[in-house]
There are 2 protein chains.
Amino acid sequence: MSETLDAVDVRLLQLLDLDGRASLRSLAEAVGLSGPAVADRISRLTERGIIRRFAVDIDWARLGLPTLAHIALLTDKTQHIETVMSRLREVERIEEISIVTGSIDLLVRARVADLVDLRRLLVERIWPIEGIQRVETTLAVETLALPDFTAALLTDRTTSDGSSRS
Amino acid sequence: MSETLDAVDVRLLQLLDLDGRASLRSLAEAVGLSGPAVADRISRLTERGIIRRFAVDIDWARLGLPTLAHIALLTDKTQHIETVMSRLREVERIEEISIVTGSIDLLVRARVADLVDLRRLLVERIWPIEGIQRVETTLAVETLALPDFTAALLTDRTTSDGSSRS
DNA sequence: ATTGAAAATCACAGCCG
DNA sequence: CGGCTGTGATTTTCAAT
């Protein structure tokens, strides 16, 4: 069971995901409420932890990190998983680390400049970590991030608890 | 070769990634410039496409979608990849689709409520897509998104072109 | 949630290095 | 060209309803 949002909250989240710096005024007009009411809803969403933060969507390709890599790791179980993860979180270029089901243990998401950069990441930063047994890297040659994803996911969430009917 | 940022641009991106709604005034104070100068830099970063948009970081778990799934797809090559991808982009719960190297063709990232929800996603939405041959789903049982990732990546990017030296 | 007024902030202009 | 300061216009905040 999770949080309850009404249609206005959902609309606000959608609008803010499109433009996180939109003024309260424009948001208020868009949802048909007054400015203070919108301000109040946004701070409540933030306090409830539904809004984690307002972030900036950076085009990493333009900053010289065009390539997305998924690095699958198998660990020997001589090290605690927490130890391996804490060493991984020190590694630059890594943006996410997951413990996963299936034939591997960890799935790491990283962003690299090119193959030289990837070589350094693998050889100098990943391989030396104790407890890592096998490394398998998959490169994305094209990525489609769905900008409407938030909108789509949210339309689904109105006054919902997120569970499914069977 | 890519874009050039100076130290102030980098600092602004870091600050905005922490709080995308920060006032120009507070940003100006933090970087030691005046308000208009900061406004100018932000609009320049936006025009250059480095800032794609200001977004909101939503805690999907609190909205009933706690589980991250990676779905690996193998396609038979009877359908154009564009066709398969365009059908995938209609599917709710999917937030990213990549064409990848390795033993699979597509890697899809999705967020689901529970196993019932996942079952429906797979059986009703993914399997029926023509041209999909094999589906292998990996569930994340724990995910660590690195909040400092942006900061770390950016510290690296000052006045850089993003390529590596060998 | 609304209104209305006070306080803070922003955008725009013209001006300097 | 990139930045600063001024001013008027907007926006945000706060109180009372």
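Reckoned from all heavy atoms, side chains included, excluding hydrogens, waters and symmetry mates. Every chain is numbered from 1 and lettered A, B, ... according to where its sequence line falls, protein lines coming before strand lines.
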Protein-nucleotide distance ([X], atom [atom1]; [N], atom [atom2]), rounded to Å:
| X | N | atom1 | atom2 | answer |
| --- | --- | --- | --- | --- |
| R44(B) | dG2(D) | CZ | C1' | 7 Å |
| L27(B) | dT9(C) | CG | P | 12 Å |
| D6(B) | dC1(D) | CG | P | 17 Å |
| D40(B) | dT5(D) | CG | P | 15 Å |
| L12(A) | dA1(C) | CG | P | 10 Å |
| L24(A) | dT2(C) | CG | P | 13 Å |
| R25(A) | dT3(C) | CZ | C1' | 14 Å |
| I42(A) | dT11(D) | CD1 | P | 14 Å |

Shortest side-chain distance from [X], nucleotide among [options]:
| X | options | value |
| --- | --- | --- |
| R41(A) | dT13(D), dA1(C), dT12(D) | dA1(C) |
| P36(A) | dC4(D), dT13(D), dT11(D) | dT13(D) |
| L33(A) | dC10(C), dA11(C), dT2(C) | dT2(C) |
| S34(B) | dA11(C), dT9(C), dT5(D) | dT5(D) |

Which value, rounded to the nearest 0.5 Å, describes the distance between D17(B) atom CG and F54(B) atom CZ? 10.0 Å

What is the base-pairing partner of dG6(D), counting Watson-Crick and G-U wobble geometry with both distances under 3.5 Å? none

How would you label the glycosidic angle of dG14(C): syn (within 90° of 0) or anti? anti

More 5' along DNA chain C: R21(A) or G32(A), using each one's nearest nucleotide? G32(A)

Return the minimal non-hydrogen interatomic distance between I94(A) and L88(A), and the atom names on each side. CD1-O, 3.7 Å

Nearest heavy-atom contact between A72(A) and I104(A) is CB-CD1, 3.4 Å

Tell me whether L115(B) at atom CG has more than 12 heavy atoms from other residues, nucleotides or ligands lying less than 6.0 Å away. no

Between D59(A) and R48(B), does at least one N-O distance fall below 4.0 Å, as a salt bridge requires? no

